[in-house]
Amino acid sequence: MKPVKKVVFPVAGLGTRMLPATKVLPKEMLPVVDKPIIQYALEEAAAAGCEEFIFVTGRGKAIIEDHFDRAVELFEALAAKNKDEQLEKMTADVPKAGQVLYTRQQEAKGLGHAVWCARRLIEDEVFAVVLVDDLIHSEVPCLAQMIEAQQRTGGNLVAVMEVAKEHTSRYGIVEPGAEEGRLVEVKSLVEKPDPAVAPSRYAVIGRYLLDAAVFDHLDRHEVGAGGEIQLTDAMQRLIGSQPFHGFRFEGQRYDCGDKLGYLEAIVATALARPDLGADFRAVLERYRD
Ligand code: G1P
């Protein structure tokens with residue numbers, strides 16, 4: 001089985017749930033403590049062995065490119081002030097030349113369309129898709145857990161977690177078949193079903209390992225739930241012709257696209273930081289009733 005080397009980050013979304021913060025700042029650049037959300041996602045993918053980082057951006061997202069470039073004046077200033085440790089860290093954080101690729105989704109036509117925009121950058125291979133809004137804390141990075149599992153299953157693998165029944169209409173939902181350990185056979189997928197008709201409470205979370213055959217289906221530009229071209233619908237069409245599993249990842253997921261989820265991500269991340277955790281816990285104590 002060939003290792004997964006390419007990851008697609010669809011980052012063209014407008015981030016309307018976080019206005020006015022996202023009026024000029026891409027939502028992916030909002031900080032969780034002192035690091036933009038998008039950098040956590042890239043670090044997770046790099047830790048899982050990915051070497052090509054493909055961003056599907058849109059208008060107003062150019063500072064994402066700047067963020068993953070060398071900031072020459074800043075680096076010089078840090079060097080002049082002998083801030084060696086910071087400089088080393090900042091330099092190490094910049095992906096190597098040619099590792100980052102950008103393409104634009106010119107119209108907001110849905111997640112399936114965003115992934116389709118990256119089709120020319122993917123060959124006949126399994127690639128990853130990471131939705132940056134989903135920040136995941138785990139012992140082993142979620143994508144690494146998935147790549148390890150996919151080496152055994154082959155085919156397609158999507159991260160799943162159980163959600164409250166009343167929340168099925170927020171997610172792609174799996175109709176599960178046989179379960180073995182963390183693997184759940186996927187019999188079908190449906191995008192944002194009403195709780196009354198949802199086939200389970202297993203929701204797809206923003207980590208996917210997909211066979212490039214998904215582009216054959218995305219090519220059709222079929223419009224689905226919400227009037228958008230849905231990745232879920234293209235994945236559904238792969239079921240039966242290729243292995244398709246859900247993966248109950250180990251870890252805690254925070255939805256940074258939502259105000260409360262974003263706040264929780266910040267609190268959880270700060271508490272987990274060796275340099276901040278204890279002091280921040282003391283600050284939080286002051287807000288107890
Ligand atoms: C997208 C997908 C959905 C998935 C969710 C995970 O929805 O369409 O299938 O469950 O991400 O976060 P969105 O959150 O973009 O509406």
Side-chain angles (χ1 to χ4, degrees), residues 7-18 22 26-28 30 37-38 40-41 44 56-58 61 105 107-118 128-138 142-143 146 156-176 184 186 188-195 197-210 214 217-218 221-239 244-249 251-262 264-265:
V7 54
V8 175
F9 301 104
V11 290
L14 293 175
T16 48
R17 284 189 290 173
M18 295 298 266
T22 49
K27 64 172 175 167
E28 298 79 12
L30 291 173
I37 294 171
I38 197 162
Y40 289 93
E44 180 185 328
V56 181
T57 69
K61 302 276 183 168
Q105 184 189 25
E107 293 170 275
K109 288 183 167 180
L111 178 60
H113 180 259
V115 172
W116 177 80
C117 289
V129 175
V130 169
L131 305 187
V132 171
D133 278 353
D134 287 330
L135 179 71
I136 299 174
H137 283 189
S138 53
C142 181
L143 204 58
M146 291 175 66
N156 306 271
L157 193 78
V158 294
V160 296
M161 66 180 234
E162 280 193 80
V163 297
K165 192 163 172 56
E166 61 268 31
H167 292 164
T168 57
S169 56
R170 299 182 187 174
Y171 301 94
I173 301 289
V174 165
E175 181 196 343
V184 183
V186 176
S188 71
L189 286 163
V190 49
E191 181 67 8
K192 304 200 167 90
D194 214 65
V197 295
S200 77
R201 294 198 290 120
Y202 278 135
V204 176
I205 296 307
R207 302 288 184 278
Y208 308 77
L209 296 176
L210 298 174
V214 75
H217 304 294
L218 289 172
H221 285 214
E222 242 167 66
V223 172
E228 297 191 335
I229 300 169
Q230 296 292 351
L231 183 59
T232 300
D233 296 342
M235 294 193 301
Q236 160 67 26
R237 290 181 180 279
L238 289 174
I239 298 167
F244 209 116
H245 292 90
F247 181 76
R248 296 187 302 105
F249 60 96
Q252 180 68 41
R253 170 253 188 184
Y254 304 95
D255 179 6
C256 293
D258 170 80
K259 285 186 190 50
L260 271 181
Y262 175 60
E264 194 182 351

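In each ligand, atom 1 is the first atom listed, and ligand 1 is the first ligand listed. In what follows, every heavy atom counts, from backbone to side chain, and hydrogens, waters and symmetry copies are set aside.
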Taking non-hydrogen atoms only, is Leu131 closer than 4.0 angstrom to ligand 1 via side chain, backbone, both or neither? side chain
Test your reading of the structure: does Arg170 have an N or O sitting under 3.5 Å from an N or O of ligand 1? no
Write down the atom of Ala114, the atom of Pro10, and the distance for their closest heavy-atom approach. CB-CB, 4.0 Å
Spacing of Leu210 atom CG and Leu157 atom CG [to the nearest 0.5 Å]: 9.5 Å
Provide the number and element of each atom of ligand 1 under 4.0 Å from a heavy atom of Gly172. 3 (C), 4 (C), 9 (O), 10 (O)
Taking Glu162 first and then Arg248, would you say they form a salt bridge - that is, a charged N and a carboxylate O separated by under 4.0 Å? no
Could you tell me the separation between the CG atom of Leu238 and the CG atom of Asn156, rounded to the nearest 0.5 Å? 5.0 Å
Considering only protein heavy atoms, which is closest to atom 2 (C) of ligand 1, and at what distance to one decimal place? Glu191 OE2, 3.6 Å
Between Asp255 and Arg170, is the closest basic N to carboxylate O distance under 4.0 Å? no
Going by a strict under-4.0 Å cutoff (protein heavy atoms only), does atom 14 (O) of ligand 1 have a neighbour on the protein? no
Is there a side-chain contact between Val11 and Val56 (heavy atoms, below 4.5 Å)? no
Residue portion contacting ligand 1 (non-hydrogen atoms closer than 4.0 Å) for Asp255: neither
Residue Thr232 vicinity, atoms of ligand 1 by number, heavy atom under 4.0 Å: 9 (O)
Polar-atom distance check: Gly206 versus ligand 1, any N or O pair below 3.5 Å? no
Looking only at the side chains, is there a donor atom on one of Glu228 and His113 sitting less than 3.5 Å from an acceptor on the other? no
Distance-only N or O hit between ligand 1 and Tyr208, under 3.5 Å: no
What protein heavy atom sits nearest atom 7 (O) of ligand 1, and how far off is it? Lys192 NZ, 3.3 Å
Point-to-point distance, once rounded to the nearest 0.5 Å, from CD1 of Ile136 to CG of Leu143: 9.0 Å
Looking only at protein heavy atoms, which one is nearest to atom 12 (O) of ligand 1, and how far off is it? Asp134 OD2, 3.0 Å
What is the closest protein heavy atom to atom 5 (C) of ligand 1, and at what distance does it sit? Val204 O, 3.9 Å
